Amino acid sequence: MVEPIFDYQFRLILIGDSTVGKSSLLKYFTDGKFAELSDPTVGVDFFARLIEVKDGCRIKLQLWDTAGQERFRSITKSYYRNSVGALLVYDICNRASFEHIPLWMMEAKRHIEPHRPVFALVGCKLDLANSSNRREVSLEEARAFAEQNGLHHVETSAKSGVNVEDAFRLVTQEVYGRIQTGEYKVEDGWDGIKTGFQRPGGLDFNLIEAEPAKSTCC
Amino acid sequence: MTGGGTEVLFPIGHPKYTAPEVHLSSIFVKSGPKVDIWSLGFIVAELALGKKLWVDLKLSQCIRKVISLLQCDGTVLERLAREHNCWETYEQLPSDLKDFIAACLNVSPKKRLMPKDLLNHVLFQSIQCPKEKFTAKVYNSVQNCKLQKPLLSERKLQEIYYLWQLAGGDVQSELKKQGLIRTKAPILSLPTVVLLEGTLFGQVRDQTSMLDLRVVPLPLDNLYQRLAHLPATSYYPLVEIKSDIIQTEQQLDAATLPLIIRERDTEYQFHRVVLYDRLLTGYPYKKASILKEARKDVPPIFRGDIWAALLEVAGNMEDLYISIDKETPTHMDRQIEVDIPRCHQYDELLSSCEGHKKFKRVLKAWVVSHPQYVYWQGLDSLCAPFLFLNFNKEYQAYACFSAFIPKYLHNFFLKDNSAIIQEYLAKFSHLIVFHDPALANHLASINFIPELFAIPWFLTMFSHVFPLHKIFHLWDKLLLGDASFPLYIGLSVLEQLRDTLLESGFNECILLFSDLPEIDIERCVTNSIELYCSTPRSVTYRQHELSLATSDSERSQLEISPITVAELQSEFCPRISAADVLDLLDMNHAKFSRPKVVVVDIRPPDEFHRGAVPGSVNIPYSEDAQISCLTRHKGKIMVVAGSGRGPHACEFSRRLVGEGFSRVCTLHKGVQVLRSTNILVVPNAM
């Protein structure tokens, strides 16, 4: 099977409470569709999409959608290690899901160590908050929290598609930036960042694929 | 069906016979016994007066009449008699009958009597205790009918309806023929003008949504014809035959057809229904026969009951279920409430309002009655098939669900289930290695571990992965297997995707499982059974499985025993117990003409010559030991036996798998465990 040509592959993980809209966000980002109902994620689910960053570099995003139910953390924590970025997802119309964000962030930091992931705080269901006035988390407080912790913040709607692209683009651009400054490197045994096939015309490198990491289980 | 009349737009009784309070209430009064008593009174009144009342009136006038009865001076019956010019008849009626009718037709629902009070009415005093006579009479009439009516009419109504549908019957089209359903493009029913207050203009009200009292008989001719050639004995199959001379197996032509076709074949289903009906009546005594028949197939109509039998549900589950508190709010309610509306919602039953209510009750009942467990996402999917099949027997759905979990998912729903899941997935990996080394090597090389895709498979026994109609066929067979059987199903699913997997990298693999391609369930099931039969039991041994066996101390040294999860995960190949090896060696040639197993002894030659398994091959362990001599044993189960301690056996077996040998395993505890069996011989003497 021939893979589409890309320069880098980033692995991003989506975390947050059950039913905040992680799967819908991904569905919209990868398919451009909104599903009124989506199955609960049991364990982990995957999506992929190719995007281009500012200087034309092509990035393949490997997107890991995790189960939101708190119990699955013991199973899903092994997925964190190989991620370079994490989208902390909450529901704008559900206060509790926002209040749990610090927990999710700590959890992710702890398991991604020693790597320092790029975080983005993503509010979902903006359409619902606007149309029926059910907002429970104000834009200001989310923004304040994001600034305090050095996160990007964006409010999205997987129904209308508002800002969905931005949410992923912000993280991707930041990761790419950190590669350029040398903060991130492609490492063997870590799948957070991988280089893809070289573009035609480039030097004839061997395929650089990460070594199979020792199977670490949940 | 209509929630006591509250869930439909039309009145559920004939307006003439309906109690006035029903007509008066703006929100629908729930229909109930008191409303029925009014209707009873009205019918008796008609009979007593010998006249149909209000015959020529229009519907609206009729309703007005009923309401006007609220303002009678005397009794309702008096008023009715006057209105219909039959005062004379009225006067001649016995007083107890008049009193009875008055009790029924009391305009105040509060004062109207309940059925049990009415039974104590003076009117009935003279006819106490006629019960026995009455039933005998009915029975006699049934006896007489028997000879004339087709045997089919003795079957239960639901069975007849099921067969009728298979024979091409379709209620919708029957109703259409009668003009009771008219199809009309939805856009044509839009009004042309709607005023702000809500008044509609421009559309005639659709008559089909109104009450229609016509009774539509469903023609049975088709079904009769299909079954006409069957002898009467088909209706009474022999389930217990003492003599072997009589051929018990009635070979049906359809029996060899694919499952999907068998399920649609009227005649085949008829035989299955008749047979299972008898067996299920005899459950639990007929459990063995049900099991035997279930190996062939399960007719959809009885699936719920058959599954309950296979899961050995017995006893009074209804009372138990009723006694469980399903109402008190608990902390997992939110999670259950958000999961249910996302679970198999393409199905009409499960997506209905009633379905959601039942769903929640059954799940809550399970969580409440199993305090050691917690609600995990995925339990909803697991519960869905049982609820669908036992939609009107919630307690049986609960009972099956409760019996299913310990059998296949023992301890999976503990708050911390990581040890159980890790062991399960490690065993799954071992099984892939054992049967398909090429696939296992490939998956290992791209580091594509079962943790990434198989958790929803096993946590929900595939009910989160497949649609209901596939789950039914899968579980029909799953329920016949033991706790290890799901592992084989998992392997069979992989086998169907094998070609794609082999040529895919990590990214394609994970995407493949995100959106699982079509899986042929019948093939998957057949394949699983083959794999199951060709695998020694100890290969899939799990310490976390619910075991009825004895404690560790009593277990034979030759059996497999628990090892740590870390050890399990570090090993590439499965372990086999000495007992299974002995069984496969078949020293007495009792079972196989040739042994199915070859023991590869990797101990140093001196140890080997002091005593080895007969027929074993000695390849002393070293980094570059020659293994080409094993090629001629390909196809046999290869048991790598070391001295028991040290990682050599594991490394060696991994190398064998790397070379493409299948069915490789290591001997649990090494060669010396066989000392006690007197089987070891000095190789020269072999």
Side-chain angles (χ1 to χ4, degrees), chain A residues 1-4 6 9 11 17-20 23 26-27 30-31 35-49 60-65 67-79 82 91 94 96 189 191 194 196-197 207 209-218, chain B residues 332 334-335 337-346 351 374-381 413-418 421-422 425-426 429 444-460 464-465 500 503-515 565-566 569-570:
Chain A
M1 219 178 255
V2 183
E3 294 202 38
F6 57 89
Q9 175 185 293
R11 186 183 290 185
D17 283 5
S18 184
T19 68
V20 295
S23 305
L26 278 173
K27 185 117 190 103
T30 54
D31 285 1
E36 202 63 56
L37 276 177
S38 61
D39 290 353
T41 311
V42 174
V44 66
D45 220 341
F46 309 93
F47 296 84
R49 204 189 123 178
K60 178 164 184 172
L61 295 181
Q62 195 185 73
L63 303 154
W64 291 48
D65 181 14
Q69 199 193 10
E70 175 201 330
R71 310 194 196 300
F72 278 95
R73 284 189 211 178
S74 63
I75 293 174
T76 50
K77 67 187 179 205
S78 65
Y79 306 139
N82 281 311
D91 175 355
N94 176 350
D191 295 340
K194 291 205 273 185
F197 292 77
L207 301 185
E209 278 237 56
E211 286 286 304
K214 255 195 122 184
S215 67
T216 46
C217 298
C218 38
Chain B
M332 71 281 186
R334 193 199 88 92
Q335 192 66 52
E337 273 161 22
V338 298
D339 285 347
I340 287 172
R342 301 191 284 168
C343 183
H344 293 287
Q345 293 297 296
Y346 51 86
S351 63
V374 292
Y375 176 78
W376 278 78
Q377 278 187 317
L379 271 170
D380 50 338
S381 308
F413 301 104
L414 285 175
K415 194 160 189 193
D416 181 11
N417 62 5
S418 46
I421 291 204
Q422 281 174 26
L425 296 175
S429 295
S445 75
I446 58 171
N447 198 23
F448 191 61
I449 48 175
E451 273 78 354
L452 298 176
F453 61 91
I455 291 172
W457 291 11
F458 297 124
L459 194 70
T460 68
H464 188 71
V465 192
T500 320
E503 59 188 24
S504 300
F506 184 87
N507 283 329
E508 292 77 42
C509 283
I510 56 174
L511 290 175
L512 184 70
F513 285 107
S514 272
D515 194 6
V565 172
Q569 289 176 334
S570 69

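Residue numbering restarts at 1 for every chain, and letters A, B, ... go by the order of the sequence lines. Keep in mind that this is a model prediction, so the values were computed, not measured.
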Practice problem: Count the heavy-atom pairs under 4.5 Å between each of B:V338, B:T460, B:L452 and chain A, then report the option with the highest count. | Solution: B:L452
Quiz item: Is the side chain of B:Q377 donor-acceptor paired with the backbone N or O of A:V42 at a distance under 3.5 Å, no angle test?
Solution: no
Exercise. Determine yes or no for a side-chain-to-main-chain donor-acceptor pair under 3.5 angstrom, with B:H464 supplying the side chain and A:P40 the backbone.
Key: yes
Hey, could you give me the [atom1]/[atom2] distance between [X] and [Y], rounded to the nearest 0.5 Å?
| X | Y | atom1 | atom2 | result |
| --- | --- | --- | --- | --- |
| A:D45 | B:F513 | CG | CZ | 12.5 Å |
| A:D39 | B:Q345 | CG | CD | 9.5 Å |
| B:Q335 | A:Q69 | CD | CD | 4.5 Å |
| B:L511 | A:Q62 | CG | CD | 7.5 Å |

Quiz item: With A:Y79, which residues qualify under ring-ring contact (aromatic ring centres under 6.0 Å, His included), at least two apart?
Solution: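 A:Y79 satisfies ring-ring contact (aromatic ring centres under 6.0 Å, His included) with A:W64 only.
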Practice problem: Show your working on side-chain contact (heavy atoms from CB on, under 4.5 Å) between B:R342 and A:T19 and close with a plain yes or no. | Solution: CA-CA 10 Å; B:R342 301 191 284 168; A:T19 68; 3.3 Å; yes
Self-check item: chain B interface, residue from A:S18, A:G43, A:A67 that has the most non-hydrogen pairs under 4.5 Å
Solution: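 Of the options given, most contacts go to A:S18.
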Below 4.5 Å from any heavy atom of chain A, which atoms of [X] appear? Answer side chain, backbone, both or neither.
| X | answer |
| --- | --- |
| B:L459 | side chain |
| B:Y375 | both |
| B:D380 | side chain |

Quiz item: Would you call A:F72 and B:W376 a side-chain contact if the rule is heavy atoms closer than 4.5 Å?
Solution: yes
Quiz item: Going by atom types only, do A:Q9 and B:N507 share a side-chain donor-acceptor pair under 3.5 Å?
Solution: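 Per modelled atom types, A:Q9 and B:N507 side chains form a pair under 3.5 Å.
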